[in-house]
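Below you'll find the structure, written out as structure tokens, and then a few comments.
Being a predicted model, the structure only gives us computed values, none of them experimental. Every chain is numbered from 1 and lettered A, B, ... according to where its sequence line falls, protein lines coming before strand lines.
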Amino acid sequence: MTLRSRDLGFRAGTGVFALALLLIVCAIGFELVRQSLDSIQRFGLAFWRTELWDPVAGEFGALPFIWGTLYSSVVALMIATPIALGIAVFVSELCPAALRQPLVFLTELLAAIPSIVYGLWGIFVLVPAIRSVEVATPEALRQLPLFSGPPLGVGMLSAAVILAIMVIPFTSSVSREVLKSVPAAQREGAYALGATRFEAIRAALYYARTGIVGAVMLGFGRALGETMAVTMVIGNNPKVSMSLFAPQYTMAAVIANEFTEAADPLYLSALVEIGLVLFIITLLVNSLSRLLIWSMARSGIAAMTAEPPARVAAA
Amino acid sequence: MIGTARRKLVSSLFVAFCAISVLGALVPLGFVLFFVVAQGIRSVTIDFFLQMPKPVGEPGGGMANAIVGTLMLSGLAAVMAVPIGVISGIYMSEYAGTRLAALVRFAADTLNGVPSIVIGVFAYGVAVLPFRQFSLLAGGFALGVMMIPIIARTTEELLLLVPGAMREGALALGATRARAVFSVVLPAALPGIVTGIVLALARIAGETAPLLFTSFNNRFFNTDPRQPTAALTVQIYNYAIAPYDDWHRQAWAGALVLVTIVLVCSLLARLATRRLERMHAR
Amino acid sequence: MRAVRAAGAALGGITMLGAVVAAQTVQINGAGATFPTPIYSKWIDEYAKARPNVRINYQSVGSGAGIQQVSKQTVFFGASDMPMTKEQMQAAPGTLLHFPTVLGAVVPIYNIPNVTAELKFNGQVLADIYLGKITKWNDAALAKLNPGVTLPSTDITVVHRSDGSGTTYIWVDYLSKISPEFMKRVGVNSSVNWPAGVGGKGNEGVSGLVRQTPGSIGYVELIYALQTKISYGPVMNMAGELVKASVQSVTAAAAEGAAKMPADFRISITNAPGKGAYPIASFTWLLMYESPKDKAQAKAMVDFMKWALSDGQKYCAGLGYAPLPDAVIKLEQAALGRIKTS
């Protein structure tokens, strides 16, 4: 064989494996669509507006699960984002160099703990704690729809807290990377103009805002797909509810709980359709997040030559 | 001046907030680890590692079958994922400009973000239903699918880090592309790749959702790949939601074992990365 | 490199050895109801001592999952507290036979802090609680049944099953017989649209939730209440007596059913007439194909069933289940002959 044909052989050989990876992703999408066709044909778009999930009558509506997934993820983000950004800023800008590595390591450790361990801790430690908080909520607040319902402990609040803890390391580490790529000129210019630390960092954050939004969305995508920890603390009740105290249900949790027993083909198809939608939503959120982070990295390189002046807060 | 004082105050509050938010990560971490260690340490006995589960409600027994099951599932997943992952990584780094490489990169990142429960549903349709059998193989397949993108991206990034001079030097000496990669570039990146594999293994060893409908569960010790098998994570789940205190104890012990494995792998990976960085810095 | 190759060889060796060893033992996979799991796991343990080359792996995943898995043939046998419906039986790729194994009871469990007295229930009250109509523990209807007990004004947290469950079937079957409103709004199935409450997975999940949630009520198989020492109360039966679940009261409930047992063994004995009968009792069944593909597994399962119907029955009382009436056992021994083992 000539050198050239051997090179072609190498390219083809490795290319086949690369193609296999691509094919696996396509296969997942294909398989999900194939198994959910029954449900798609039967229920159409109404599937996403209907609240009723009644396996007995064969009536399936996925609204409670979408609601539960979105609600839990959004509340988790509200809790996690400030903390994650605070950590990112602290580690990249404010902390003494000696502390940097250990802090980074510890934050990443949060991401390494398996979901089932969070769930176990959630059932035995977090839920009773949240129950005490719920019981201690003043009567006046309890009248609001946001805090209504019996103090069970299991419910949306526990799920959101656990999701927040699990999401913090992802958002924080990507934010840290994004902040690192902000050109030094930004901060130096701010300090030169007499900015306080907060104002200089704010300038850097503003500069990196695309990437940070991307980091937050990455955390969002992670929260959407989380299964085990959530299903152990959310109460598994397919009802749409505004209340943080109410037991609810997420898309991932219902699949985990009911998949092995969907005896009826339509039931199984409905569950797979939920899985399909989960797949599509996380695909979109993750792609968007990566796009934002990538565009941030690109503009970072372009901006190093432009050197715009940093914004300084007016006195 | 008042304006400056206010700005300084705001800045100090901000710095304080950032410092406190670090606690927002460390406190839950400490909490979780504390409980896992405190509750688990009493129950991690020799029995735990060597005995099988006792019938429902009878105290005692262990998780021997589950631990072995997790080891075998991870091993099978690695056997499947390492070749595909590493070689895809090689393709993506060697032919980085091509359209296929860009597509595969996108696919790998996508696969990384797919929720593990969805992968479980996929594996059920592809590896369980056609054979009418829950099996170790199906579970290993599901976990392998999850490992592939991690290994592929790690391999790609590490291969790209190898100085171009090494690759060009090999090519200049008349090596084929394949020779250059396998004899020169890959060995240089190998420690990092192995680290990536170890991290990927640690990650999938802690997965539960994809195993629920692929490897199912097994009361007994099982090494037959065509049969269902117990896994540490699934066993912890079953014990955690049960009402028996004894099972709760064992769940904590299982969690401690799992967290220890993950911690050790993370630490090793950290040390290895640190050594690599020092090596390359020279 | 050498280490990797060695590890790979070791893994391959273990896998092959595993396959070879497995070829000599008969491994049978089954899945289904959590209701009889304690007695099934005891039986499997004891049977394994007598026949060490037969390994029966039973997974407690709920009756709904058991029916689904056996219909899909991903397990060899299923287990369910709910007899399969005609539609489900028709959808299966072969004829599925039902074999009753034990009798059990579903009891209402509760967790009310500071209440140590035994609470009494009747079907109407339970139906109304599960319909969401009775929301506080000190409701008039509950107070009437329990004079002399100070019930708090705490909200009732209703706990039900989140998975497809034969235990649910027994519970709603009974409540639907008592309350036409319950029948209309909820209906009878292994998985229903609950008007209120929190879901737990398996009997284990429900008892776990009730144990941890003050002010809650749930329904589980008797043994789960006994083993976890959760309070459970007596229920009023058709004859107007307050009966607590026990081996005797469940046996009394089965008396009439045993006499009228149909050939396919599918029968409901909730709300049974007769003195001392516990109203929320049921048979539980093993589901097997009449002509299974794997004859070795079929032979082993038939042998196991024969053991369970004879020696196995003596373990029932210790775990809170009632043994099958003799008449039913005789019918079953004959019916086992229908399974084609060769």
*Quick one: of B:Ala251, B:Pro149, B:Ala19, who has the most non-hydrogen atom pairs under 4.5 Å with chain A?*
B:Ala19
*Segment of A:Thr231 engaging chain B (4.5 angstrom heavy-atom cut-off)*: side chain
*Side chain, backbone, both or neither: which part of B:Phe35 has a non-hydrogen atom closer than 4.5 Å to chain A?*
side chain
_Nearest-0.5 Å distance, SG of residue B:Cys18 to CD1 of residue A:Ile201_ = 6.0 Å
*Count the heavy atoms belonging to other residues, nucleotides or ligands that lie under 6.0 Å from CZ of A:Phe30, then report whether that count exceeds 12.*
no
*Rounded to the nearest 0.5 Å, how far apart are OG1 of A:Thr250 and CD1 of B:Ile117?*
9.5 Å
_For chain A, which candidate among B:His248, B:Gln39, B:Met92 shows the most heavy-atom pairs at distances under 4.5 Å?_
B:His248
*Quick one: which of B:Tyr237, B:Phe216, B:Phe17, B:Phe31 has the most heavy-atom pairs under 4.5 Å with chain A, could you say?*
B:Tyr237
*Using the side chain to side chain contact (heavy atoms under 4.5 Å, CB included) rule, pick out the option among B:Leu29, B:Val36, B:Leu263, B:Val262 that qualifies with A:Ile113.*
B:Leu29
*With a cut-off of 6.0 Å (strictly less than), are more than 12 heavy atoms of other residues, nucleotides or ligands near CZ of B:Arg179?*
no
*Hey, is the main chain of A:Phe17 close enough, under 3.5 Å, to the side chain of B:Ser88 for a donor-acceptor pair?*
yes
*Greatest number of heavy atom pairs closer than 4.5 Å to chain A - which of B:Ala255, B:Gly24, B:Ala25*: B:Ala25
_Looking at A:Phe198, is its backbone amide N or carbonyl O close enough to the side chain of B:Ser11 to form a donor-acceptor pair, meaning the two atoms are under 3.5 Å apart?_
yes
*Please state whether the rings of A:Phe10 and B:Phe182 are parallel, tilted or perpendicular, taking 30° and 60° as the class boundaries.*
perpendicular
*To the nearest 0.5 Å, tell me how far B:Phe106 CZ sits from A:Leu21 CG.*
12.5 Å
*Toward chain B, the part of A:Leu110 with a non-hydrogen atom under 4.5 Å*: both
_Under 4.5 Å from any heavy atom of chain B - which part of A:Ala27_ = both
*Residue selection (most heavy-atom pairs with chain B, distance under 4.5 Å) from A:Phe90, A:Phe279, A:Phe105, A:Trp121*: A:Trp121
_Euclidean distance, B:Leu26 CG relative to A:Leu109 CG, rounded to 0.5 Å_ = 10.0 Å
*Select one option (side chain, backbone, both, neither) describing which atoms of B:Val181 are under 4.5 Å from chain A's heavy atoms.*
side chain
_I need the residue from B:Ala178, B:Gly206, B:Ala240 with the largest number of non-hydrogen atom pairs under 4.5 Å to chain A._
B:Ala178
*What part of B:Ala123 gets closer than 4.5 Å to chain A, counting heavy atoms only: side chain, backbone, both or neither?*
neither
*Output the option from A:Ile165, A:Ile168, A:Ile79 having the highest count of non-hydrogen pairs under 4.5 Å with chain B.*
A:Ile165
*asked:* Using 0.5 Å steps for rounding, measure from the OH atom of B:Tyr124 to the CD atom of A:Glu31.
replied: 11.0 Å
*So which part of A:Leu32 gets closer than 4.5 Å to some heavy atom of chain B, the side chain, the backbone, both or neither?*
side chain
*Answer yes or no on whether A:Arg11 is positioned over the face of B:Tyr95, meaning its NZ or CZ is under 6.0 Å from the six-membered ring centre and within 45° of the axis.*
yes
